[in-house]
Peer 1: 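Below is the structure I would like to discuss, written out as structure tokens.
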Amino acid sequence: MSEQKAAEQAQNDSVQVEVNEAQTSEVLTEEESLQAEIAKLQQQLEEAKENNLRVQAEMQNVRRRAEQDVEKAHRYGLEKIINELLPVVDNLERAITSAQGEGEHLQAIRDGVEMTLSAFLAALQKFNVETVDPQGEVFNPELHQAVSMVPSAEVEANKVLSVMMKGYTLNGRLLRPAMVVVSKGAA
């Protein structure tokens, strides 16, 4: 019997070893699958972090662009209406020029138009509208538009001889260039 018991014991031991090996391989397989799952989740976490950073950066860019657009709208929002009002200033200046005569009536008209013009220009200055009046200055194509060039012995070349129409800027941005006659210099 002892041989039979020994054989059964050996068989039991062999079955036990097979069961242990199966359990060990099963545990290893579970560990490997857990490791793979952890690696996959870590990769997804990294991707989510990168996407989050990209979204945050994009939101900052959108916010910055919106702030810039609002600032530009505040700075230059008056551009259209001021462009419509500039001919009124021109007409007031022409009225003052045409009322350059003697007589009590002309003087009263000229004084009234001059007061209206000065009030109008003061109102424009409150909104950072500046006049470009380049009489006697060097011609600057960024601020002036040459209507013609005239030879002049008294004024050196490339200087403004006369201003036909003043120019205007709004917060440093050119609204309308000054229309000028430029000297060619001595003929």
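By convention here, the first residue in the shown sequence is residue 1.
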Peer 1: Side-chain heavy atoms under 4.5 angstrom apart, residues restricted to Ile, Leu, Val, Met, Phe, Trp, Tyr: same cluster for Val129 and Leu78?
Peer 2: yes
Peer 1: With a 4.5 Å limit on heavy-atom distance, are the side chains of Leu175 and Thr169 in contact?
Peer 2: no
Peer 1: Using atom types as modelled and distance alone, determine if a side-chain donor or acceptor of Arg176 lies under 3.5 Å from a backbone N or O of Met165.
Peer 2: no
Peer 1: Within the distance-only criterion (no hydrogens, no angle test), does the side chain of Gln100 pair as donor or acceptor with the backbone N or O of Ile96 below 3.5 angstrom?
Peer 2: yes
Peer 1: Can you hop from Val182 to Val163 via hydrophobic side chains spaced under 4.5 Å?
Peer 2: yes
Peer 1: In plain terms, say whether Asp69 and Arg64 are close enough for a salt bridge, that is, a side-chain N and a carboxylate O under 4.0 Å apart.
Peer 2: no
Peer 1: How about Leu45: does its CG atom have over 12 heavy atoms from other parts shown lying under 6.0 Å from it?
Peer 2: yes
Peer 1: Find the distance between CG (Leu124) and CG (Leu86) and round it off to the nearest 0.5 Å.
Peer 2: 7.0 Å
Peer 1: Could you tell me if the side chain of Lys184 sits less than 4.5 Å from the side chain of Val150, heavy atoms only?
Peer 2: no
Peer 1: Counting distance only, does the side-chain N/O of Asn91 pair as donor-acceptor with the main-chain N or O of Pro87 below 3.5 Å?
Peer 2: yes
Peer 1: Following the transitive rule for hydrophobic clusters with a side-chain heavy-atom cut-off under 4.5 Å over Ile, Leu, Val, Met, Phe, Trp and Tyr, establish whether Val180 and Leu174 coincide in one cluster.
Peer 2: no
Peer 1: Mind checking the CZ-NZ spacing from Arg54 to Lys49? Nearest 0.5 Å is all I need.
Peer 2: 14.5 Å
Peer 1: How long is the straight-line distance from CG of Asp133 back to NZ of Lys166, given to the nearest 0.5 Å?
Peer 2: 4.5 Å
Peer 1: Evaluate the criterion side-chain contact (heavy atoms from CB on, under 4.5 Å) for residue pair Phe120 and Leu85; output intermediate values, then yes/no.
Peer 2: CA-CA 10 Å; Phe120 205 98; Leu85 295 175; 3.9 Å; yes
Peer 1: First locate atom CG of Leu121, then atom CD of Glu130, and finally report the distance between them rounded to the nearest 0.5 Å.
Peer 2: 10.5 Å
Peer 1: Can you name the nearest heavy-atom pair linking Ser98 to Ala95, along with the distance?
Peer 2: OG-O, 3.1 Å
Peer 1: When you compare the side chains of Glu47 and Asn51, does any donor N or O come within less than 3.5 Å of an acceptor on the partner?
Peer 2: no
Peer 1: From the options Pro151, Ser162, Ser152, select the one residue that forms a side chain to side chain contact (heavy atoms under 4.5 Å, CB included) with Ser183.
Peer 2: Ser152
Peer 1: Is any side-chain heavy atom of Val89 closer than 4.5 Å to one of Tyr168?
Peer 2: yes
Peer 1: Are the side chains of His144 and Pro177 in touch, meaning some heavy atoms are under 4.5 Å apart?
Peer 2: no
Peer 1: Is there a path of hydrophobic side-chain contacts, each under 4.5 Å between heavy atoms of I/L/V/M/F/W/Y residues, joining Val155 to Val138?
Peer 2: no
Peer 1: Within a strict 4.5 Å, meaning less than it, do heavy atoms of the Leu53 and Gln56 side chains meet?
Peer 2: yes
Peer 1: Okay, side chain of Gln135, backbone of Leu161: is any donor-acceptor separation there less than 3.5 Å?
Peer 2: yes
Peer 1: Looking at OG of Ser33 and NZ of Lys40, how far apart are the two atoms once the value is rounded to the nearest 0.5 Å?
Peer 2: 11.5 Å
Peer 1: Are any of the side-chain heavy atoms of Gln107 and Glu102 separated by less than 4.5 Å?
Peer 2: no
Peer 1: To the nearest 0.5 Å, tell me how far Asp90 CG sits from Met164 CE.
Peer 2: 12.0 Å
Peer 1: Decide side-chain contact (heavy atoms from CB on, under 4.5 Å) for Glu114 and Asp111; before the verdict, give the C-alpha distance in whole Å, the side-chain angles of both, and the deciding distance to 0.1 Å.
Peer 2: CA-CA 5 Å; Glu114 285 174 351; Asp111 290 344; 3.9 Å; yes
Peer 1: Quick check: is Leu92 connected to Ile82 through a chain of hydrophobic side chains (ILVMFWY, heavy atoms under 4.5 Å apart)?
Peer 2: yes
Peer 1: Would you say Val113 and Thr116 make side-chain contact, with heavy atoms under 4.5 Å?
Peer 2: no
Peer 1: Can you establish whether the number of heavy atoms outside Glu104 located under 6.0 Å from its atom CD is more than 12?
Peer 2: no
Peer 1: Is it true that atom CD of Glu84 has more than 12 heavy atoms of other residues, nucleotides or ligands lying nearer than 6.0 Å?
Peer 2: no
Peer 1: Phe127 and Ala123: which non-hydrogen atoms are nearest, and at how many Å?
Peer 2: CD1-O, 3.2 Å
